[in-house]
Amino acid sequence: MYVCVCKAVSDTKIRRLVKDGATTLRELSRETGLGTCCGKCVPQARETLSQSLAAQ
Ligand code: FES
């Protein structure tokens, strides 16, 4: 499922980045461009990020 439609970033992609060491939204954004267009995905991205971090 796409979290960020503008930059085509899926929840799977976010989980993979967290697995590879990302811990902040800023890092995800730097890697993928997530949240840099319309910004509507930011709350969902934040949620997916914290779930991924908690699941580690
Ligand atoms: Fe992520 Fe638009 S949906 S920036």
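Position 1 is the first residue of the sequence, and the numbers go up from there. When a ligand or atom number is given, it counts from 1 through the structure's own listing order. Just the heavy atoms: all of them, side chains too, but no hydrogens, waters or symmetry mates, feed the values below.
- At a threshold of 2.8 Å, atom 2 (Fe) of ligand 1 has a backbone or side-chain N, O or S atom of Cys38 nearer than that distance.
- Interface of Cys37 with ligand 1, defined as ligand atoms under 4.0 Å from a residue heavy atom, comprises 4 (S).
- Residues Gly33 and Lys7 share a closest heavy-atom pair of O-CG, 3.2 Å.
- Leu28 and Leu49 get closest at one heavy-atom pair: CD1-CD1, 3.9 Å.
- Among all non-hydrogen protein atoms, the one lying nearest atom 3 (S) of ligand 1 is Val5 N, 3.4 Å.
- Atoms of ligand 1 found under 4.0 Å from any heavy atom of Gly35 (numbered from 1 in listed order, with element): 1 (Fe), 4 (S).
- Atom 1 (Fe) of ligand 1 has an N, O or S atom of Cys41 inside 2.8 Å of it.
- The NZ atom of Lys19 lies 12.0 Å from the OG1 atom of Thr12; values are rounded to the nearest 0.5 Å.
- Ligand 1 places these atoms under 4.0 Å from at least one heavy atom of Gly39: 2 (Fe), 4 (S).
- Short contacts between ligand 1 and Cys6, defined as distances under 4.0 Å to a heavy atom of the residue, involve ligand atoms 2 (Fe), 3 (S), 4 (S).
- Residues Leu34 and Cys4 approach most closely at CA-SG, 4.0 Å, considering heavy atoms.
- The two residues Thr36 and Ser29 make their nearest non-hydrogen contact at CG2-OG, 3.4 Å.
- A salt bridge links Arg15 with Asp11: the distance from a Lys NZ or Arg NE/NH1/NH2 to an Asp or Glu carboxylate oxygen falls below 4.0 Å.
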